[in-house]
Amino acid sequence: MLTLLKNLNCFCPEHAGLRDILIAGDKILKIIPPCEAELKDSGLIGRTVLCDGLNAFPGLIDQHIHITGGGGEHGFSEHVTEIHIYDIINAGVSTVAGLLGADGVTRSLEALFAKAKTLEELGLSTYIYSGSYAMPPVSFTGSVLRDIILIDKVIGAGEIAISDHRSSQPDLPDMMKLASEVHLGGMISGKAGVLHIHVGDGKKGLEPLVKILDESDLPIGMFVPTHLNRNPELFRQATEYCRSGGNIDLTAGEKAGLP
């Protein structure tokens, strides 16, 4: 039996106007104009939900969530608790990529994996990154390359920190080696192969990433630097990076970098 959601203002993602949505089980079967009498009389509709005044749009993808909590940089009492699924859903997010932050010691990849599996069982699409701020990156198998190829949830490495006093101050060859592993792992496994890079308030900004691109043949699309709206100069660099074909990630609620 089908469920019919009636009279929704639909975005697919372009605005499609008034539509009905047919659901079979837990999957959207079809988005149709306000349904005709023959569908109503077909006997296939088990439940009808009137949705007048509601908007329907594709779930958002958040590529950077500390699903097991973040913080802890001011002591153990400052640890942030795990995120609740309702906080994710209420933000309109249906797909998340979980990651560790500065703390790759008291927070583990194993716990990150388990949390991702929990959220998946509750209805979200979930992925994770191997690594944390530090180099060499923490991993499940001892190798980011092997993690990406062998572990279903792992789509890349992150968030590796640059231009930040909290980073491990990685040098260019080490970063290029990691990026190469991520790229190859993505190719072999058919995954995104993303190197997600935390950029701090340090003097060099995006310069370390630009050097990797200048001195290697790695594709710019595999790199996703984040927190690029934390100060005006970094945001200026971010706009130039976008113009060169790069992708960026901004921090919600952060306005320091905006003109």
Side-chain angles (χ1 to χ4, degrees), residues 61-85 87-88 93-162 164 166-171 174-200 209 222-227 249 251:
I61 300 171
D62 194 325
Q63 62 184 325
H64 181 121
I65 299 186
H66 296 283
I67 56 177
T68 55
E73 297 170 29
H74 299 289
F76 294 114
S77 64
E78 297 296 321
H79 277 204
V80 178
T81 58
E82 291 187 4
I83 195 168
H84 197 283
I85 186 171
D87 294 323
I88 299 173
V93 173
S94 59
T95 300
V96 302
L99 71 173
L100 300 179
D103 185 359
V105 177
T106 68
R107 300 190 185 278
S108 69
L109 288 177
E110 290 78 8
L112 188 69
F113 179 86
K115 180 67 174 182
K117 284 289 190 180
T118 299
L119 294 173
E120 180 183 55
E121 290 179 3
L122 294 173
L124 296 181
S125 298
T126 61
Y127 304 93
I128 63 174
Y129 301 101
S130 290
S132 62
Y133 274 21
M135 288 282 285
V138 294
S139 63
F140 291 98
T141 65
S143 161
V144 168
L145 173 64
R146 292 177 62 84
D147 281 6
I148 296 172
I149 295 171
L150 299 177
I151 299 175
D152 61 342
K153 289 292 179 193
V154 179
I155 59 170
E159 55 177 316
I160 308 299
I162 62 172
D164 196 305
R166 297 164 294 179
S167 79
S168 56
Q169 313 307 320
D171 58 23
D174 286 342
M175 287 292 291
M176 290 176 65
K177 179 180 178 181
L178 174 60
S180 298
E181 287 191 12
V182 170
H183 180 51
L184 181 59
M187 293 176 63
I188 293 173
S189 64
K191 297 177 183 175
V194 173
L195 184 54
H196 193 54
I197 300 178
H198 165 104
V199 186
L209 175 54
M222 67 166 290
F223 299 95
V224 180
T226 187
H227 309 315
D249 186 54
T251 303

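What you see below is based on every heavy atom in this structure, not just the backbone, and it leaves out hydrogens, waters and symmetry mates. In this chain, numbering begins with 1 at the start of the sequence shown.
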Practice prompt. Check the pair Thr106 / Phe76 against side-chain contact (heavy atoms from CB on, under 4.5 Å), numbers first and verdict last.
Written response: CA-CA 9 Å; Thr106 68; Phe76 294 114; 4.1 Å; yes
Item to complete: Give the C-alpha distance, both sets of side-chain angles, the deciding distance and a yes or no for side-chain contact (heavy atoms from CB on, under 4.5 Å) between Met175 and Ile197.
Response: CA-CA 10 Å; Met175 287 292 291; Ile197 300 178; 4.3 Å; yes
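Across Asp249 and His64, no two heavy atoms sit closer than the pair OD2-CB, 3.7 Å. Across all non-hydrogen atoms, the minimal contact from Ser167 to Ala161 is CB-O, 3.2 Å. Ala157 approaches Leu178 most closely through the heavy-atom pair CB-CD1, 4.3 Å. When all heavy atoms of Thr126 and Ala116 are compared, the closest pair comes out as OG1-O, 2.9 Å. Taking each heavy atom of Ser132 and Gly101 in turn, the nearest pair found is CB-O, 3.2 Å. Between Gly104 and Val138, the shortest heavy-atom contact is O-CG1, 4.1 Å.
Annotation: salt bridge (charged side-chain N to carboxylate O under 4.0 Å, His left out) contacts of Asp152 (sequence neighbours excluded): Lys117. For Glu159, the side chain to side chain donor-acceptor pair (under 3.5 Å) test picks out His66, His198, His227, with sequence neighbours left out. In terms of the side-chain contact (heavy atoms from CB on, under 4.5 Å) criterion, Ser94 has no residue partners (sequence neighbours excluded). Qualifying salt bridge (charged side-chain N to carboxylate O under 4.0 Å, His left out) partners for Asp62, counting only residues two or more places apart in sequence or in other chains: none. For Ser189, there are no side chain to side chain donor-acceptor pair (under 3.5 Å) partners two or more places apart in sequence or in a different chain. Not counting sequence neighbours, Arg146 has no partner by the salt bridge (charged side-chain N to carboxylate O under 4.0 Å, His left out) test. Among residues two or more places apart in sequence or in another chain, the salt bridge (charged side-chain N to carboxylate O under 4.0 Å, His left out) test is passed with Lys191 by none. With sequence neighbours left out, Ile188 forms a side-chain contact (heavy atoms from CB on, under 4.5 Å) with Ile149, Leu184. For Phe223, there are no ring-ring contact (aromatic ring centres under 6.0 Å, His included) partners at least two apart in sequence or on another chain.
We find the CD1-CD1 distance between Ile128 and Ile65 to be 13.5 Å, quoted to the nearest 0.5 Å. Expressed to the nearest 0.5 Å, how far NZ of Lys153 lies from CD1 of Ile148 amounts to 15.5 Å. Note that CG of Leu119 and CD1 of Ile83 are 8.0 Å apart. Values are rounded to the nearest 0.5 Å. Distance check, rounded to the nearest 0.5 Å: CG of Leu100 to CG of Leu112 gives 5.0 Å. In this structure, the separation between CD on Gln169 and CG on Asp164 is 8.0 Å, given to the nearest 0.5 Å. The distance from the OG atom of Ser168 to the CD1 atom of Ile160 is 7.5 Å, given to the nearest 0.5 Å.
Residues in residues 95-132 take part in these ring pair (Phe, Tyr, Trp, His ring centres under 6.0 Å) pairs, two or more places apart or across chains: Tyr129-His196. Counting only residues at least two apart or on different chains, no salt bridge (Lys or Arg N to Asp or Glu O under 4.0 Å) pair has a member in residues 98-113. Pairs passing the salt bridge (Lys or Arg N to Asp or Glu O under 4.0 Å) check and including a residue from residues 74-85, sequence neighbours excluded, read Glu82-Lys115.
Under the 4.5 Å side-chain criterion, counting only non-hydrogen atoms from C-beta, Val194 is not in contact with Gln63.
Between the side chain of Asp174 and the backbone N or O of Pro136, no donor-acceptor pair lies under 3.5 Å.
Only one option out of Ile61, Asp87, Leu124, Ile88 pairs with Val93 in a side-chain contact (heavy atoms from CB on, under 4.5 Å); it is Ile88.
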